[in-house]
Amino acid sequence: RFPRRKPCGECVNPAGVAALHALGAWDRVAALRPVPLHGWRITAPGGTGFDGAFPAGLAGLGVPRALLDAALLDHARERGAAVREGARVAELLSQ
């Protein structure tokens with residue numbers, strides 16, 4: 001059920017940003033004022049870690065997962081998606 005809290009779900013990588021544009025959801029997500037990310041810093045317990053930069057010209061974004069989920073859910077509903085929360089998918093049928 002939405003909204004939901006999800007650890008490690010506050011970042012969208014550059015491919016995810018491209019998907020938001022392709023889905024027509026970018027304006028709604030941009031209205032949340034996400035923080036641009038130009039790479040990642042991963043740190044293990046004890047301080048060992050590494051930095052990684054996204055390729056030049058590409059950026060991800062940081063946005064609270066509950067806000068992102070709500071924006072995407074609203075976008076899907078506006079586009080005609082039938083939303084069924086709390087349901088379990090038991091089987092997929094092809095048409």
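Remember, it's a predicted structure, so these values are computed and weren't measured experimentally.
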- Task: Indicate the atoms forming the closest heavy-atom contact of His38 with Leu58, along with that distance.
- Result: ND1-O, 4.4 Å
- Note on the structure: In terms of heavy-atom contacts, Leu23 and His75 come closest through O-NE2, 2.9 Å
- Write down the atom of Val12, the atom of Val17, and the distance for their closest heavy-atom approach. CG1-N, 3.6 Å
- So Phe50 and Trp40, ring pair (Phe, Tyr, Trp, His ring centres under 6.0 Å) or not? Walk me through it. CA-CA 8 Å; Phe50 69 92; Trp40 309 104; over 10 Å; no
- Counting only N and O atoms by type, is there a donor-acceptor contact under 3.5 Å from the side chain of Glu10 to the main-chain atoms of Arg65? yes
- Query: Which heavy atom of Arg77 sits nearest a heavy atom of Val83, and at what distance?
  - Reply: CG-CG2, 3.6 Å
- Separation between CG (Leu61) and CG (Leu20), nearest 0.5 Å, reads 7.0 Å
- Which atom of Leu72 lies closest to which atom of Ala25, heavy atoms considered: CD2-CB, 4.0 Å
- Task: Return the set of residues passing ring pair (Phe, Tyr, Trp, His ring centres under 6.0 Å) with His21 (not counting sequence neighbours), or none when no residue passes.
- Result: Trp26
- What are the two closest heavy atoms between Asp74 and Arg28, and how far apart are they? CB-NH1, 3.6 Å
- Results of side chain to side chain contact (heavy atoms under 4.5 Å, CB included) for Asp27 - residues two or more places apart only: none
- Query: Do Val29 and Leu68 come close enough that some side-chain heavy atom pair is under 4.5 Å?
  - Reply: yes
